[in-house]
Asks: 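This structure is in structure tokens; I'll ask about it shortly.
Ligands are counted one by one from 1 in listed order, and the atoms in each one are counted from 1 as well.
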Amino acid sequence: MPDFTVLPKGVSAELFTQALKEYSDIVGAENVFTSADDLVSYQKIMIPVDAADRAPAGALAPASVEEVQDILRVCNKYGIPVWPVSTGKNFGYGSATAATKGQIILDLRRMNKILEVDAELGTALVEPGVTYQQLKNYLVENKIPLWLSPPAPSSIVSPMGNTVDRGVGYTPYGENFMFSCGMEVVMANSDILRTGMGGMPNSKSWQVFKWGYGPYLDGIFTQSNYGIVTKLGMWLMPEPPAFKPFVVRYPNDDDITIIVDTIRPLRIAQIIPNAVVIAHALWEGGAQVTRSQYYEGNDSIPDEAVEKMKSDLGMGAWNIYAGLYGTPEHNDLNWKIVKGAFEATGGLVQEEHEMQDNETFEYRAKLMRGEMTLSEFGLYNWRGGGGSVWFAPVAQAKGSEGLEQMAIAKRILGKYGFDYVSEYIVGWRDMHHIIDLLFDKTNPEETRRADECFDELLSEFSKRGWGSYRTNTAYMDKVADTFGPVKKDINQRIKRALDPNGIIAPGKSGIYN
Ligand SMILES: Cc1cc2nc3c(=O)[nH]c(=O)nc-3n(C[C@H](O)[C@H](O)[C@H](O)COP(=O)(O)OP(=O)(O)OC[C@H]3O[C@@H](n4cnc5c(N)ncnc54)[C@H](O)[C@@H]3O)c2cc1C
């Protein structure tokens with residue numbers, strides 16, 4: 001019997017050995033991973049916790065829906081939990097690790113077929129392992145003028161993983177779950193559910209009509225552990241005749257008030273149709289230069305150093321990226337409105353032709369037209385040491401609230417010696433306030449401080465009624481608690497009904513059976 005370092009909770013080495021044999025019969029021995037070497041990539045974790053606390057018992061890589069069904073039968077038989085990942089690159093939220101120790105990572109990367117793209121309707125049906133790059137290549141090779149809306153790690157991550165974790169991209173279709181249509185889900189008892197119109201034999205409208213008949217179920221398979229999503233319908237945006245990206249800069253941190261109040265009506269009326277990014281200087285600069293070029297201290301970077309960086313890099317305190325999408329005439333008309341609104345409130349408006357050779361503008365423009373770029377990974381050079389955890393509270397799209405959240409976040413980050421590396425992403429009426437808590441993970445003291453800082457951010461924001469839109473695998477219980485006991489109880493009751501043995505991703509979003 002192999003000498004396992006980690007076993008699924010309550011499962012003996014003997015039974016686990018038997019289960020592994022059965023998994024091998026399903027996926028082939030070469031797709032069952034249990035050795036320390038094979039599991040390294042499933043344990044790389046940027047968040048400030050010890051990877052050993054969430055170490056997997058193994059990983060399995062099925063190639064088909066039938067294999068997923070068979071795996072779940074074995075899981076039920078032995079009480080072994082599996083944590084599904086699509087491409088497993090949930091960086092800063094726990095990467096491919098599970099919320100608890102001893103789960104098997106169900107790595108769906110081998111299920112990577114683009115099942116259908118309808119060029120006329122602008123829809124796609126994909127498997128979990130399909131990456132944005134793969135789908136983009138397919139569209140280009142087949143000369144299909146449809147755009148994707150990837151998150152910043154674009155090429156290497158999946159529409160499935162991003163959508164089921166309710167992530168965002170930057171085109172007008174940026175709220176990815178909102179633009180999904182129809183799922184296929186393998187339930188814990190191995191039943192296959194097709195949501196929306198997909199349950200009908202020979203359904204013609206699975207990818208075009210979201211709601212189906214009766215209760216709408218897709219939402220309960222996002223940020224949840226009620227099933228394993230094996231197919232995802234997506235709506236893809238037709239390439240517009242004209243696209244006009246632009247940046248607007250404001251000099252002071254407190255300008256966030258006027259910025260948000262200027263954007264809100266433009267965004268709600270869809271004059272600006274995409275998710276607007278309001279990047280703070282420390283995010284804008286943090287992706288381009290290193291901290292040590294401006295400051296060597298261990299406390300948070302002082303204002304004078306940030307001012308110097310702003311002036312060296314030609315940045316504002318806040319740097320707003322958005323775009324216009326439409327016909328040239330339509331964009332010309334809207335440009336007058338947008339430019340006028342920002343200039344009236346003191347913004348420096350810059351157009352694409354003024355931003356030649358500006359790499360930050362180029363990567364932002366690429367994301368806003370759904371192209372692939374990995375430029376944002378530059379953020380990890382800012383402090384160095386590979387530690388990163390996203391704090392992601394939601395704010396109303398109101399200037400006063402943007403100002404208040406900024407002030408509280410800066411105070412708490414400052415207390416622990418960290419920098420306010422942040423951006424607001426204006427959805428429609430909301431803003432995701434995304435703070436990248438960057439720290440040196442090779443330094444245990446700094447890692448502990450980062451964890452305490454994250455905990456305080458979460459407590460203080462929750463106390464004021466600001467909930468997180470998403471969180472990392474170490475904080476799922478705590479965030480779940482902030483949404484109240486009734487929500488937690490209902491989540492749990494659904495879990496018990498659908499997965500009585502608790503074999504799918506226990507702990508995801510604080511849900512156990
Ligand atoms: C520099 C940087 C910038 C980033 N920018 C963004 C951004 O702009 N927007 C954004 O949203 N994120 C961003 N991220 C976070 C993250 O990398 C992306 O959200 C990425 O898409 C998630 O990884 P993935 O697609 O591999 O998903 P996965 O890791 O495969 O999945 C994410 C989670 O969803 C669940 N899941 C996955 N597949 C399934 C399934 N088939 N069935 C059931 N549950 C499943 C699992 O709980 C899994 O842990 C950024 C990260 C970095 C490092």
Side-chain angles (χ1 to χ4, degrees), residues 42 44-47 54 62 65 68 72 82-99 103 105-109 111-112 126-133 148-171 174-177 183-188 218 220-232 275 277 279 283 286-287 321 363-364 367-368 373-382 386-390 392 421 423 425 427 432 434 436 438 469-473 476 504-509 511:
Y42 297 104
K44 280 195 185 145
I45 187 167
M46 304 170 88
I47 61 176
R54 5 199 74 70
V65 177
V68 173
L72 292 187
V82 281
W83 180 276
V85 297
S86 287
T87 38
K89 297 195 163 51
N90 213 3
F91 303 125
Y93 290 114
S95 304
T97 58
Q103 302 198 31
I105 306 302
L106 190 65
D107 181 343
L108 301 170
R109 266 180 297 184
M111 295 174 64
N112 61 357
V126 297
E127 289 191 329
V130 170
T131 61
Y132 281 101
Q133 182 72 64
L148 306 177
S149 192
S154 57
S155 53
I156 58 175
V157 301
S158 54
M160 178 74 84
N162 192 267
T163 303
V164 298
D165 222 27
R166 298 207 292 263
V168 297
Y170 299 91
T171 73
E175 184 69 83
N176 281 320
F177 175 55
M183 290 174 172
E184 177 186 88
V185 188
V186 180
M187 307 301 295
D218 298 46
I220 70 164
F221 298 107
T222 62
Q223 292 192 0
S224 91
N225 48 15
Y226 299 152
I228 292 167
V229 188
T230 44
K231 292 183 181 60
L232 176 75
V277 169
W283 183 300
Y321 292 91
Y363 104 71
R364 289 289 183 187
L367 285 177
M368 289 191 288
T373 160
L374 296 178
S375 294
E376 209 155 284
F377 281 86
L379 282 173
Y380 298 127
N381 300 326
W382 172 247
S388 162
V389 56
W390 305 106
V421 178
E423 64 181 15
I425 303 176
H432 289 17
I434 306 291
D436 198 353
L438 293 166
Y469 103 95
R470 182 177 177 190
T471 201
N472 65 78
T473 43
M476 291 184 165
I504 301 180
K508 176 78 188 183
S509 298
I511 308 168

Asks: Short question: side chain of Ser509, backbone of Gln223 - any donor-acceptor pair under 3.5 Å?
Replies: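 At least one qualifying donor-acceptor pair exists.
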Asks: Any non-hydrogen atom of Gly227 lying under 4.0 Å from ligand 1?
Replies: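 Contact present.
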Asks: Find the distance between CD1 (Ile45) and OG1 (Thr473) and round it off to the nearest 0.5 Å.
Replies: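 It comes to 5.0 Å.
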Asks: Using a plain distance cutoff, I'd like to know if Ser224 has any nitrogen or oxygen under 3.5 Å from a nitrogen or oxygen of ligand 1.
Replies: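 Min N/O separation from ligand 1 is not below 3.5 Å for Ser224.
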Asks: Who's the nearest protein heavy-atom neighbour of atom 35 (C) of ligand 1, and how far?
Replies: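 Minimum-distance protein heavy atom for atom 35 (C) of ligand 1 reads Val164 CG2, 3.9 Å.
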Asks: Relative to ligand 1, is Phe221 under 4.0 angstrom through side chain, backbone, both or neither, heavy atoms considered?
Replies: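 The answer is neither.
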Asks: When you look for heavy atoms under 4.0 Å from ligand 1, do you find them on the side chain of Val229, its backbone, both, or neither?
Replies: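 Contact part for Val229 vs ligand 1: both backbone and side chain.
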Asks: Return the residue, atom name and 0.1 Å-rounded distance of the protein heavy atom closest to atom 7 (C) of ligand 1.
Replies: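 The protein heavy atom lying closest is Pro151 CB, 3.3 Å.
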Asks: When you look for heavy atoms under 4.0 Å from ligand 1, do you find them on the side chain of Leu108, its backbone, both, or neither?
Replies: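 It is the side chain that touches ligand 1; the backbone stays farther off.
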Asks: Minimum distance, heavy atoms only, to atom 53 (C) of ligand 1: which one of Tyr132, Tyr380, Tyr226, Tyr170 is it?
Replies: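 Comparing heavy atoms across Tyr132, Tyr380, Tyr226, Tyr170, the nearest one to atom 53 (C) of ligand 1 lies in Tyr380.
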Asks: Any idea which protein heavy atom is nearest atom 33 (C) of ligand 1, and the distance to it?
Replies: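 Scanning the protein heavy atoms, the shortest distance from atom 33 (C) of ligand 1 goes to Asn90 ND2, 3.6 Å.
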Asks: Test your reading of the model: is there a side-chain donor-acceptor pair from Ser154 to the backbone of Pro150, 3.5 Å cut-off?
Replies: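 The answer is no, because no donor-acceptor pair under 3.5 Å joins these two groups.
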Asks: Is it true that a side-chain atom of Ser149 and a backbone atom of Thr171 form a donor plus acceptor pair closer than 3.5 Å?
Replies: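 Such a contact is found between Ser149 side chain and Thr171 backbone.
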Asks: How far is atom 16 (C) of ligand 1 from the closest protein heavy atom, and which atom is that?
Replies: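 I find the closest protein heavy atom is Lys89 O, 3.6 Å.
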Asks: Hey, which atoms in ligand 1 end up nearer than 4.0 Å to a heavy atom of Gly167?
Replies: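 Those of ligand 1 that fall under 4.0 Å from Gly167 are 11 (O).
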Asks: Between Pro151 and Tyr132, is any pair of side-chain heavy atoms under 4.5 Å apart?
Replies: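 Yes; the side chains approach each other to less than 4.5 Å.
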Asks: Using modelled atom types only, decide if a donor and an acceptor are shared between the side chain of Thr87 and the backbone of Ser158 within a distance under 3.5 Å.
Replies: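 Yes; at least one donor-acceptor contact below 3.5 Å.
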Asks: Going by distance only, is there an N or O of Tyr93 that falls short of 3.5 Å from an N or O of ligand 1?
Replies: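 Such a contact does not occur with ligand 1.
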Asks: Tell me which protein heavy atom sits closest to atom 9 (N) of ligand 1, plus the residue, atom name and distance to 0.1 Å.
Replies: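 The answer is Val168 O, 2.9 Å.
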Asks: Counting both backbone and side chain atoms, is some N or O of Thr87 under 3.5 Å from an N or O of ligand 1?
Replies: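 N/O-N/O distance under 3.5 Å: yes.
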Asks: Which option wins on minimum heavy-atom distance to atom 31 (O) of ligand 1: Gly378, Ser158, Gly161?
Replies: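 Checking each option, the heavy atom nearest atom 31 (O) of ligand 1 is found in Gly161.
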Asks: Using the side-chain contact (heavy atoms from CB on, under 4.5 Å) rule, take Met368 and Val277 through it: C-alpha gap first, then chi angles, then the decisive distance, then the call.
Replies: CA-CA 10 Å; Met368 289 191 288; Val277 169; over 6 Å; no
Asks: I'd like to know if the side chain of Asp107 and the backbone of Arg109 have a donor-acceptor N/O pair within less than 3.5 Å.
Replies: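 Checking the backbone N and O of Arg109 against the side chain of Asp107, a donor-acceptor pair under 3.5 Å is found.
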Asks: In ligand 1, which numbered atoms sit nearer than 4.0 Å to a non-hydrogen atom of Lys508?
Replies: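 With Lys508 as reference, the close atoms of ligand 1 come out as 33 (C), 46 (C), 47 (O).
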Asks: Side-chain contact, heavy-atom cut-off 4.5 Å: Ile434 with Trp390?
Replies: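 In contact.
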Asks: Please state which protein non-hydrogen atom is closest to atom 49 (O) of ligand 1 and give its distance, to 0.1 Å?
Replies: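 Ranked first by proximity to atom 49 (O) of ligand 1 is Trp83 NE1, 3.4 Å.
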Asks: Applying a 4.0 Å heavy-atom criterion (strictly less than), which segment of Arg470 is in contact with ligand 1: side chain, backbone, both, or neither?
Replies: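 It is the side chain that gets close, since no backbone atom is under 4.0 Å.
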Asks: Are the side chains of Ile228 and Leu108 in touch, meaning some heavy atoms are under 4.5 Å apart?
Replies: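 Yes; the side chains approach each other to less than 4.5 Å.
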Asks: Any heavy atom of Pro84 closer to ligand 1 than 4.0 angstrom?
Replies: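 Contact check Pro84 vs ligand 1: positive.
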Asks: Under 30°, 30 to 60°, or over 60°: which ring-plane class applies to Tyr93 and Tyr469, parallel, tilted or perpendicular?
Replies: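 Perpendicular, since the angle between the ring planes exceeds 60°.
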Asks: Looking at atom 4 (C) of ligand 1, what's its closest protein heavy atom, distance included?
Replies: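 Ranking protein heavy atoms by distance from atom 4 (C) of ligand 1, first comes Pro153 CD, 3.4 Å.
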Asks: Kindly assign one of parallel, tilted or perpendicular to the pair Phe221 and Tyr226, based on the angle between their ring planes and the thresholds 30° and 60°.
Replies: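 Perpendicular.
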Asks: Are any of the N or O atoms of Asn162 closer than 3.5 Å to those of ligand 1?
Replies: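 Yes - when backbone and side-chain N and O of Asn162 are compared with those of ligand 1, one distance drops under 3.5 Å.
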Asks: Between Ser95 and ligand 1, is there a nitrogen or oxygen pair with a distance under 3.5 Å?
Replies: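 In fact, backbone or side chain, Ser95 has no N or O that close.
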Asks: Give the C-alpha distance, both sets of side-chain angles, the deciding distance and a yes or no for side-chain contact (heavy atoms from CB on, under 4.5 Å) between Phe91 and Phe377.
Replies: CA-CA 10 Å; Phe91 303 125; Phe377 281 86; 3.9 Å; yes
Asks: So, the side chain of Glu423 versus the backbone of Ala279: is there a donor-acceptor pair under 3.5 Å, distance only?
Replies: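 Not a single qualifying donor-acceptor pair exists.
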Asks: For atom 28 (P) of ligand 1, grab the closest protein heavy atom and report residue, atom and distance to one decimal in Å.
Replies: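 Going by distance alone, atom 28 (P) of ligand 1 is nearest to Gly88 N, 3.6 Å.
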